[in-house]
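Written out below as structure tokens is the structure these notes cover.
These figures come from a predicted structure and were not determined experimentally.
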Amino acid sequence: MPTAGDTVSITGRTTDTQGRFLVTARSNHFVSDARTGPAEAVQAGELLLSALASCSLGNIELHAQERASGLPGGQVHISYERTRRTPPGTPVSASASS
């Protein structure tokens with residue numbers, strides 16, 4: 001588990017399938033698809049939102065534990081909307097609630 005001062009590295013590589021990638025985090029390996037890829041595996045935007053959800057819940061849970069208030073049934077919902085008219089590179093807004 002990384003601690004303060006550690007450098008975290010993620011590696012990724014292309015595969016024989018256009019728009020499909022193999023990503024490695026420590027000893028964990030998973031497949032990711034580009035939005036123009038097969039769309040069978042988790043896509044980059046979903047990975048980003050998953051990281052935000054996990055980080056948010058971890059922080060909320062930690063602060064609840066520090067205050068001895070607990071966090072029964074903690075939940076977060078994060079979403080984004082992309083339209084076909086959104087040019088590549090345009091910032092996309094995200095909303096979160098807990």
Exercise for review: Report the distance from atom CD1 of Ile78 to atom OG of Ser56, rounding to the nearest 0.5 Å.
Suggested key: 5.0 Å
**Study point:** Shared hydrophobic cluster for Leu22 and Phe30 (ILVMFWY, side-chain gaps under 4.5 Å)
**Key:** no
Revision key, fill the gap. Quick note, side chain to side chain donor-acceptor pair (under 3.5 Å) partners involving residues 38-48, not counting sequence neighbours, are Arg20-Glu40
**Study point:** Nearest non-hydrogen partners of Gly19 and Pro38, listed with the distance
**Key:** O-CD, 3.9 Å
Please list, one pair per line, the donor and acceptor atoms closer than 3.5 Å that link side chains of residues 62-71 to other protein atoms, with sequence neighbours excluded.
| unit_1 | atom_1 | unit_2 | atom_2 | d |
| --- | --- | --- | --- | --- |
| His63 | ND1 | Glu66 | OE1 | 3.3 |
| Arg67 | NH1 | His63 | O | 3.2 |
| Ser69 | OG | Ala64 | O | 3.3 |

Point to revise | Full working for side chain to side chain contact (heavy atoms under 4.5 Å, CB included) between Val42 and Asp33 | key: CA-CA 6 Å; Val42 66; Asp33 284 349; over 6 Å; no
Study note, to complete from the structure: Hits for side-chain contact (heavy atoms from CB on, under 4.5 Å) against Ala34, two or more places apart or cross-chain, chain-then-number order -> Phe21, Thr36
**Study point:** For Ala44 against Ser32, the heavy-atom pair lying closest together
**Key:** N-OG, 4.2 Å
Exercise for review: Please check if Leu47 and Val31 belong to a single hydrophobic cluster, counting links between Ile, Leu, Val, Met, Phe, Trp and Tyr side chain heavy atoms closer than 4.5 Å.
Suggested key: no
